[in-house]
Each structure stands twice: as structure tokens, then as C-alpha cells.
2 protein chains.
Amino acid sequence: MSLATGFGSADDSPGLLLWQVTNHWQAAQRAALKPYGLTHVQFVLLASLSWLQAQEAPGPVTQRRLAEHAATDPMMTSQVLRTLEARGLVTRLPHPHDARARAVTATEEGAALADQAIAVVEACDADFFSPLSEEVALFTRALRTLRPT
Amino acid sequence: MSLATGFGSADDSPGLLLWQVTNHWQAAQRAALKPYGLTHVQFVLLASLSWLQAQEAPGPVTQRRLAEHAATDPMMTSQVLRTLEARGLVTRLPHPHDARARAVTATEEGAALADQAIAVVEACDADFFSPLSEEVALFTRALRTLRPT
DNA sequence: TGTCGATAGTAAGCGCGCATACTATATGGA
DNA sequence: TCCATATAGTATGCGCGCTTACTATCGACA
């Protein structure tokens, strides 16, 4: 309502808290992934791509499908995948049946790196959310409620 | 643990959910603040500055103190304040007792804009978290637990 | 009084996160 | 067959969020 009640401290606003906690979490992820030379988003896309490849889906994985699965912006997905391609972690070959699309695959090196990073990231996550202990299930459910469709 | 269990879907990871939900929330804030020509961070700093000014603290508000209060990066705070200064919403005069520091104040226009925006942002927040209904208190408490010291 | 560590602020730069606008191709229907 | 619409992907640009490195000043202490 007023300045004094509304924004005196972030304690009042779940939104501000959400923002601050997420920044804190991203910092933890950044630190955990630093030894692998990966950013958080690079890791998510690489790991998601590895997983999608392993699925028995029809046709090769396109950038669009990867972006949809990882819930990332298609534009950013394009940029990040080109970075990963430049580092030899993914390939972006022309799609066999759709001249507009790319067939994206993780290279052996990329998949191996993702496998290593996944363990570290999961440990980092577990540590980050450990203060919640049993409440983490409730917390996760709340987040799922707020997630965009 | 493995690709299949660890990153098949964001449902599994509170971290990924946190990230996605925050992006979603930021989009809502962006839309709500668009009519005022403010970004989320600009709004937070402007509103926090207005609040700090109203407090009976010793000496003028410095960028450092504002950044600390809003839990924002000092470098970013500097940038954003210069943007707000260019738009006439804040002033950044030399500090009377410390030649290193700036005495930051919200202009009348800035304070008025903040007051208007606060109402809209609070409504936006209430709407965003309404799916949680009563659980919002629990959710906020969990976030506070995870907040950096 | 001089100097030395701590502090306020900024320059430059990278990687998202997203908005806008564009090209090229695919696809369904007359 | 031709065309309208939808779709895959990219160029450009802005605003964070943060890192590193730097200047200038302050405060404490000998």
C-alpha cells in the first residue's frame, strides 16, 4: 500500500524473496559448474539434449523440441547451442526431412561432460535445499503450482 | 543420478522449478510495470530508495546502503541509478562528508512514480501467488530459510 | 604527519532472458 | 498447382547479474 509497509524489506514480499533466492541458487550452480566450464543454462540444455536423445522419439531432436522440453527461450537456445557447438559438445547438422530445422545431438564429449556435471549439480541442489529438510516436498509442490503452463 | 532420472523433466528438480517460476514472475512484473516505463530492478531500487529516505537514518543514502538494503549487486545498482538519474527520477549528488560516495535521492517525480507502481506491483504479486492461497505463508517461510545471509 | 589497509564507486566485458523483426521452408486447402 | 498461413531458426538490441580490475578517498595507527 504505502512505501513504509510495502517495500521496507524483502521479508514482506514473496516475489522479492523468490528473486533473491533464485539469484543465490544460480550463484551456487555457477560455482559448482565452474570446473566444467559450463554455465547453468549450457548445462541444462546439454543434459536435456542427452536425455532427449536417449528417448525413443520419432526423428532427430530439433532446437525447438529441446527448447520446449527445457522450457527455455528459443532464441537463447539457438545462441547457447551455437556456443556449445563451437566447443565441440554438440553438433547442429541439417535436419534430414525439414530444411528449416537443425538436428541437434550431443557429441560423445558433450554427453560425458553432462554425465559428470549432473552428479555435481544434483549434489549442489541437495545441499542448497537441505535447510528445508522435509519441507522440500511441500516447497516443490508450491513451485509446481506456480509454474507456467 | 543418471540422465534418465535426473533431468528428464524439471518436475524432479526444485532448482529448475525455482528458476522457471522466477522467470515467469519476472515476466509478470515486466508486464505490470511496462506502463510506467520501469523494469523490475529499476522499480525495486526506486521504491527502496523512497523508503530509505523516509527513514530517520543518519546521513544521506549512499549507493552502497541502497544496494545492501535491496540486496542488489553494487555494480548493477550503480548502472541502474545512472539510468534513473538520466530520466530525472533520482539525483546523485556528491556526498557532503565523503568525497567517495554519492548522496542518492528520489526526485518528487521519482517518488510519485514509485508510489503509483507499488500498488500495481503488489496487485500483480497477489495475483501471481494466489494459486497458493493459504500456503503462501509456508512458501514465504521456506524462501526466507533459503535466503542468503 | 605519513602511510597503509579498507571502502565507495566505476570501466569493461560476458552470458543470459527476452522483445522485435526478419528469412526460409513446410503444410493445408482451393 | 498455387497460395495463405504456420513454423524453424536467426540478426539485432536492451537490461540485468556478475566478475575482474581499477581509481579515489577514508580511517586507523605508528
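Every chain is numbered from 1, with letters handed out A, B, ... down the list of sequences.
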Validation row: A:Phe129, A:Thr140 side chains within 4.5 angstrom (heavy atoms): no
Derivation and outcome, side chain to side chain donor-acceptor pair (under 3.5 Å), residues A:Arg147 and B:Gln20: CA-CA 7 Å; A:Arg147 183 151 61 142; B:Gln20 291 174 12; 3.3 Å; yes
DNA chain D: 5'-proximal contact among A:Asp98 and A:Arg82 (nearest heavy atom): A:Asp98
Value in whole Å for how far the P atom of D:dG9 lies from CD of A:Glu85: 13 Å
B:Val90, B:Thr72, B:Leu46, B:Leu52 screened by side-chain contact (heavy atoms from CB on, under 4.5 Å) with B:Leu66, the one that passes: B:Leu52
Any A:Glu109 side-chain heavy atom under 4.5 Å of A:Leu89 side chain: yes
Distance, rounded to the nearest Å, where A:Arg100 contributes CZ and C:dT25 contributes P: 10 Å
Under 4.0 Å protein heavy-atom contacts per nucleotide of nucleotides 13-23 of chain D, with B for base, S for backbone only and - for none: --SSSBB----
Distance, rounded to the nearest Å, where B:Leu33 contributes CG and C:dC18 contributes P: 16 Å
Separation of A:Gln29 CD from A:Thr22 OG1 (nearest 0.5 Å): 11.0 Å
A:Arg102 CZ to C:dT25 P, straight-line distance once rounded to whole Å: 12 Å
Between A:Arg82 and A:Ser78: side-chain donor-acceptor atoms closer than 3.5 Å: yes
Atom pair distance, as rounded to whole Å: NE2 in A:His97 and P in C:dA26: 12 Å
Side-chain N or O of B:Ser78 closer than 4.0 Å to phosphate OP1/OP2 of C:dG9: no
Axis bend over the full length of the helix from C:dT1-D:dA30 to C:dA30-D:dT1, computed from five pairs that close each end, to 10 degrees: 0°
Any B:Phe43 side-chain heavy atom under 4.5 Å of B:Leu113 side chain: no
Heavy-atom side-chain proximity of B:Pro74 to B:Gln63 below 4.5 angstrom: no
Interatomic spacing from CD in B:Gln26 to OG1 in B:Thr39 - rounded to 0.5 Å: 9.5 Å
Under 3.5 Å, which protein N or O atoms sit close to an N or O of nucleotides 3-5 of chain D? Give each pair with its distance.
none

Contact under 4.0 Å: A:Arg64 side-chain N or O vs D:dA8 OP1/OP2: yes
Whether B:Arg92 side chain and B:Arg102 backbone form a donor-acceptor pair below 3.5 Å: no
Rounded distance (Å) that lies between atom C1' of C:dA8 and atom CG of B:Leu81: 13 Å
Flag side-chain contact, heavy atom, 4.5 Å: B:Phe128 against B:Val21: yes
N/O (side chain, B:Arg92) to phosphate O (OP1/OP2, C:dG9) under 4.0 Å: no
